[in-house]
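Side chains are part of it too, since the values below use all heavy atoms of this structure and drop only hydrogens, waters and symmetry mates.
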Amino acid sequence: MISKKTVPLLLAAALSLPPLPAQAADTPAAQLAAAPVRDLLAPILAGDHRSDTNKARDQWRHPVETLEFFGVEPGMSVVEIWPGGGWYTEVLGPLLNANGRYIAAAADPNGASANTLAAIQRFKDKLAARPDLYANTQVTGFGPKALDFVPAGSVDRVLTFRNVHNWMGAGWAEDAFKAMFKALKPGGVLGVVEHRANKDQPQDPKAPTGYVREDYVIKLATDAGFKLVATSEINSNPRDTKDHPKGVWTLPPTLTMKDQDRDKYLAIGESDRMTLRFVKPAN
């Protein structure tokens, strides 16, 4: 095993290299693949490509623990569904750039609104600005009319962060989970992080507050064919009462209420979130 002091140097070297053959075990990229993911992520999270605002959210999003829980490792093909502004892209892109494959399944541009098209372009501009980190990142579209976003059975991991409520609101959550199931290799993992509703409250199928019951998400996934293998409280927040006037968007980072009760919502922090690991059965 390589030392922790060597990891940042290996990462810097591997970021500019293409994927290497498996037999080249003494190369920087091969050594990078053997390093613990936790060690590899440390220099990425401290990198100058991440804004102070994004770095400050690490305390709420727990990227190291979350990606470890989902079993993400160099050499894998990993899809992130709807990466938004690219918070996790800044982590996954550099991790997989030299050894592995990161696929950003952004919103489907076909028939999209002007705002959505502008957001997609901003995301692509972000990638283009740092080819040293994102040269091998692939961008594809995902939506109700773009469910075959990668070839069937072609990826090791599909990850989605705080998106299930959006699909519920648009009425195609079931199709989204079926599409993610189809994309994964047998034995592949689906990782889901979502705002968690109180379990004693009825679930509105449109999820207008942004909160979703954990059992509801589990049913969406298992109905699509997945098997739940583990849950985690990595991203939980017991201070979140989930009864806010503007739903989850009342809390940071959105702070829809702006200055009204701002200190109150900052003290609560970001939403309480479930973290679920599913597997596509090998058979």
Do side-chain atoms of [X] reach the backbone of [Y] as a donor and acceptor pair under 3.5 angstrom?
X: Thr256; Y: Trp249; value: yes
X: His165; Y: Tyr211; value: no
X: Thr222; Y: Lys227; value: no
X: Thr116; Y: Ala112; value: no
X: Asn136; Y: Asn97; value: yes
X: Arg277; Y: Phe69; value: yes

Exercise. Report yes or no: is the cationic atom of Arg50 (NZ for Lys, CZ for Arg) closer than 6.0 Å to the six-membered ring centre of Trp87, at no more than 45° off its axis?
Key: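 Yes.
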
Any chance the side chains of [X] and [Y] put a donor and an acceptor closer than 3.5 Å?
X: Tyr102; Y: Ser77; answer: no
X: Asn235; Y: Thr66; answer: yes
X: Thr241; Y: Asp243; answer: yes

With a sphere of 6.0 Å drawn around [atom1] of [X], does it hold more than 12 non-hydrogen atoms of other residues, nucleotides or ligands?
X: Asp263; atom1: CG; answer: no
X: Lys280; atom1: NZ; answer: yes
X: Lys185; atom1: NZ; answer: yes
X: Lys55; atom1: NZ; answer: yes
X: Asp200; atom1: CG; answer: yes

Salt-bridge test for [X] and [Y]: reply yes if a basic N is under 4.0 Å from a carboxylate O, no otherwise.
X: Glu270; Y: Arg57; answer: yes
X: Asp148; Y: Lys182; answer: yes
X: Arg213; Y: Glu194; answer: no

Non-hydrogen side-chain atoms of [X] and [Y] separated by less than 4.5 Å:
X: Phe278; Y: Val189; value: no
X: Met257; Y: Arg262; value: no
X: Arg38; Y: Glu65; value: yes
X: Leu255; Y: Thr250; value: no
X: Arg273; Y: Arg196; value: no
X: His244; Y: Ile268; value: yes
X: Ile81; Y: Val158; value: yes
X: Val193; Y: Met274; value: no

Work out which heavy atom in [X] is nearest to a heavy atom in [Y]; give both atom names and the distance.
X: Val139; Y: Ala106; answer: CG1-CB, 4.5 Å
X: Leu96; Y: Pro74; answer: CD2-CA, 4.0 Å
X: Gly225; Y: Pro281; answer: O-CD, 3.4 Å
X: Ala282; Y: Pro186; answer: O-CB, 3.6 Å

Quiz prompt | side chain to side chain contact (heavy atoms under 4.5 Å, CB included) between Lys246 and Thr254, intermediate numbers included | solution = CA-CA 10 Å; Lys246 298 293 184 180; Thr254 308; over 6 Å; no

To the nearest 0.5 angstrom, please state how far the [atom1] atom of [X] sits from the [atom2] atom of [Y].
X: Thr137; Y: Phe123; atom1: OG1; atom2: CZ; answer: 7.0 Å
X: Arg130; Y: Glu90; atom1: CZ; atom2: CD; answer: 10.0 Å
X: Leu133; Y: Leu92; atom1: CG; atom2: CG; answer: 12.5 Å
X: Tyr88; Y: Arg162; atom1: OH; atom2: CZ; answer: 9.5 Å
X: Asn166; Y: Trp82; atom1: CG; atom2: CH2; answer: 5.5 Å
X: Glu174; Y: Met168; atom1: CD; atom2: CE; answer: 8.5 Å

Quiz item: Using the ring of each side chain (for Trp, its six-membered ring), is Tyr134 parallel, tilted or perpendicular to His49, with breaks at 30° and 60°?
Solution: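 Correct class here is perpendicular.
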
Exercise. On the 0 to 90° scale, with breaks at 30° and 60°, tag the Phe177-Trp167 ring pair as parallel, tilted or perpendicular.
Key: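 Rings of Phe177 and Trp167: perpendicular, over 60°.
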
Quiz item: Checking side chain to side chain contact (heavy atoms under 4.5 Å, CB included) for the pair Val155/Val78: CA distance, chi angles, key distance, verdict?
Solution: CA-CA 6 Å; Val155 297; Val78 179; over 6 Å; no

Quiz item: Which residue, Lys199, Lys242, Arg239, forms the salt bridge (charged side-chain N to carboxylate O under 4.0 Å, His left out) with Asp272?
Solution: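 One option only clears the test, and that one is Lys242.
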
Practice problem: Apply ring-ring contact (aromatic ring centres under 6.0 Å, His included) to the pair Phe142 and Trp172, showing each step before the final yes or no. | Solution: CA-CA 12 Å; Phe142 179 72; Trp172 58 283; 5.4 Å; yes

Practice problem: Evaluate the criterion side chain to side chain contact (heavy atoms under 4.5 Å, CB included) for residue pair His62 and Thr275; output intermediate values, then yes/no. | Solution: CA-CA 11 Å; His62 308 99; Thr275 305; over 6 Å; no

Quiz item: Checking side-chain contact (heavy atoms from CB on, under 4.5 Å) against Phe70, which of Leu276, Val192, Leu190, Leu159 comes through?
Solution: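 That would be Leu159.
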
